[in-house]
Amino acid sequence: MITYLIILLISFFLDGIMSNYFTSITLHISLFNTIYSVIALSCIANYFSNKKKYIILIGLTGLCFDIVYTNTFLLNVFIFIILGLNVILLNSKLPNNILYNALISFINVCLYYILTYLILIMTNYININISILLHILICSIIMSIIYSIILTFILNKLSLKNIK
């Protein structure tokens, strides 16, 4: 369990590091921008036998994301829990392998951006053109897939090491 928390913590810090070093402007969004915490939460879900603990971890990660990165109140807690339930549902239907973990991670990253966009538009917090949202989704494809493949590979190696 500690290993998965370390991976989640590294991913959480990567969110901040990448957003600071690869800043996004409306017209140019870096290919390194994605939500690393969401990808990590998607990849480590299979290693939690207790789904309640997993959902609590997701809620706490969302709360930390709200406090540290977005300065919103409970927005990411709500979105992260929805994403966690989505991961649990998809993991029950799909096998645990690199391809499907990359797919689930990418679906969750897209779902994160879409839900955030819809909530912020509905609450009149921000008014962003949908073309910007689509551009963000397209730019996050590559890094979402690469990072989820790397994490799945690492997690598989660590779980095989623990079995031996």
Side-chain angles (χ1 to χ4, degrees), residues 1-19 22 30-70 72-120 133 136-164:
M1 172 101 160
I2 296 295
T3 305
Y4 310 122
L5 293 176
I6 291 170
I7 287 174
L8 183 58
L9 192 61
I10 290 169
S11 300
F12 186 79
F13 286 126
L14 264 176
D15 282 321
I17 292 167
M18 292 302 192
S19 66
F22 298 100
S30 172
L31 295 176
F32 292 103
N33 282 351
T34 190
I35 309 296
Y36 295 94
S37 299
V38 168
I39 296 169
L41 288 168
S42 299
C43 291
I44 66 173
N46 285 319
Y47 301 96
F48 278 83
S49 56
N50 186 338
K51 298 304 177 197
K52 186 177 179 180
K53 285 184 181 178
Y54 175 69
I55 295 296
I56 291 170
L57 178 65
I58 287 176
L60 290 174
T61 305
L63 181 62
C64 291
F65 211 84
D66 277 328
I67 293 168
V68 175
Y69 296 127
T70 63
T72 55
F73 182 68
L74 300 180
L75 173 69
N76 286 298
V77 173
F78 174 72
I79 292 173
F80 275 45
I81 289 174
I82 289 173
L83 297 177
L85 295 172
N86 186 48
V87 169
I88 291 169
L89 175 71
L90 291 173
N91 280 342
S92 69
K93 308 277 186 219
L94 301 171
N96 180 19
N97 62 36
I98 289 177
L99 174 67
Y100 288 115
N101 279 350
L103 178 65
I104 291 169
S105 295
F106 178 66
I107 289 170
N108 267 354
V109 167
C110 289
L111 194 57
Y112 173 83
Y113 284 123
I114 291 168
L115 285 173
T116 304
Y117 173 80
L118 291 173
I119 291 170
L120 293 177
L133 173 67
I136 291 169
L137 292 174
I138 290 168
C139 288
S140 68
I141 290 172
I142 295 170
M143 189 48 75
S144 297
I145 292 172
I146 290 171
Y147 191 63
S148 63
I149 288 171
I150 291 169
L151 277 185
T152 303
F153 183 76
I154 290 169
L155 289 167
N156 286 344
K157 289 291 181 189
L158 289 173
S159 68
L160 287 175
K161 192 176 184 179
N162 289 335
I163 292 174
K164 291 180 180 181

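Closest approach of Asn91 and Ala45 over heavy atoms only: ND2-CB, 3.5 Å. A pairwise comparison of heavy atoms in Cys43 and Thr152 identifies SG-OG1, 3.7 Å as the closest pair.
Qualifying side chain to side chain contact (heavy atoms under 4.5 Å, CB included) partners for Phe78, counting only residues two or more places apart in sequence or in other chains: Ile82, Ile119.
Side-chain contact between Val38 and Ser105 is absent, with no heavy atoms from C-beta onward closer than 4.5 Å. Using a 4.5 Å heavy-atom threshold, the side chains of Tyr147 and Leu14 count as touching. Side-chain atoms of Leu151 and Ser11, non-hydrogen and from C-beta on, do get closer than 4.5 Å to each other. Residues Tyr100 and Leu90 are not in side-chain contact: their nearest non-hydrogen atoms beyond the backbone lie 4.5 Å or more apart. In this structure, Phe106 and Ser148 have side chains that are not in contact, with every pair of non-hydrogen atoms separated by 4.5 Å or more. The shortest side-chain heavy-atom distance between Leu103 and Leu99 does not fall under the 4.5 Å cut-off.
For the atom pair CD1 of Ile88 and OG of Ser42, the computed distance is 11.0 Å after rounding to the nearest 0.5 Å. Put simply, CG on Leu133 and SG on Cys110 are 9.0 Å apart, with the number rounded to the nearest 0.5 Å. Here the CZ-CG distance, from Phe80 to Leu85, works out to 13.5 Å after rounding to the nearest 0.5 Å. Residue Asn46 holds its CG atom at 9.0 Å from CG of Asn156, rounded to the nearest 0.5 Å. Atoms CD1 and OG, on Ile154 and Ser159 in that order, are 12.0 Å from each other to the nearest 0.5 Å. The line from CG of Leu8 to CD1 of Ile39 is 12.0 Å long, rounded to the nearest 0.5 Å.
Tyr47 and Tyr4 have parallel rings, their planes meeting at less than 30° on a 0 to 90° scale where 60° marks the start of perpendicular.
Remark: side-chain polar atoms of Ser140 are paired, donor with acceptor, to backbone N or O of Leu137 under 3.5 angstrom. Here the side chain of Asp15 pairs a donor or acceptor atom with the backbone of Tyr36 at under 3.5 angstrom.
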Would you please test Ser144 and Thr34 for side chain to side chain donor-acceptor pair (under 3.5 Å) and show each step?
CA-CA 6 Å; Ser144 297; Thr34 190; 2.7 Å; yes
Test Ile145 against Ile141 for side-chain contact (heavy atoms from CB on, under 4.5 Å), laying out the working first.
CA-CA 6 Å; Ile145 292 172; Ile141 290 172; 3.8 Å; yes
Could you walk me through whether Leu9 and Leu5 pass the side-chain contact (heavy atoms from CB on, under 4.5 Å) check?
CA-CA 6 Å; Leu9 192 61; Leu5 293 176; over 6 Å; no
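Other residues, nucleotides and ligands place no more than 12 heavy atoms under 6.0 Å from the NZ atom of Lys53.
Side-chain polar atoms of Asn108 and Asn86 form a donor-acceptor pair below 3.5 angstrom.
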Return a table of donor-acceptor pairs under 3.5 angstrom between the side chains of residues 54-70 and protein atoms on other chains or two or more places apart.
{"unit_1": "Tyr54", "atom_1": "OH", "unit_2": "Leu41", "atom_2": "O", "d": "2.6"}
{"unit_1": "Thr61", "atom_1": "OG1", "unit_2": "Leu57", "atom_2": "O", "d": "2.8"}
{"unit_1": "Asp66", "atom_1": "OD1", "unit_2": "Thr70", "atom_2": "OG1", "d": "3.4"}
{"unit_1": "Asp66", "atom_1": "OD1", "unit_2": "Thr72", "atom_2": "OG1", "d": "2.7"}
{"unit_1": "Asp66", "atom_1": "OD1", "unit_2": "Asn76", "atom_2": "N", "d": "3.0"}
{"unit_1": "Asp66", "atom_1": "OD1", "unit_2": "Asn76", "atom_2": "ND2", "d": "2.8"}
{"unit_1": "Asp66", "atom_1": "OD2", "unit_2": "Leu74", "atom_2": "N", "d": "3.2"}
{"unit_1": "Asp66", "atom_1": "OD2", "unit_2": "Leu75", "atom_2": "N", "d": "3.3"}
{"unit_1": "Asp66", "atom_1": "OD2", "unit_2": "Asn76", "atom_2": "N", "d": "3.2"}
{"unit_1": "Asp66", "atom_1": "OD2", "unit_2": "Val77", "atom_2": "N", "d": "3.4"}
{"unit_1": "Tyr69", "atom_1": "OH", "unit_2": "Phe12", "atom_2": "O", "d": "2.6"}
{"unit_1": "Tyr69", "atom_1": "OH", "unit_2": "Gly16", "atom_2": "N", "d": "3.3"}
{"unit_1": "Thr70", "atom_1": "OG1", "unit_2": "Thr72", "atom_2": "OG1", "d": "2.9"}
{"unit_1": "Thr70", "atom_1": "OG1", "unit_2": "Asn76", "atom_2": "ND2", "d": "3.0"}

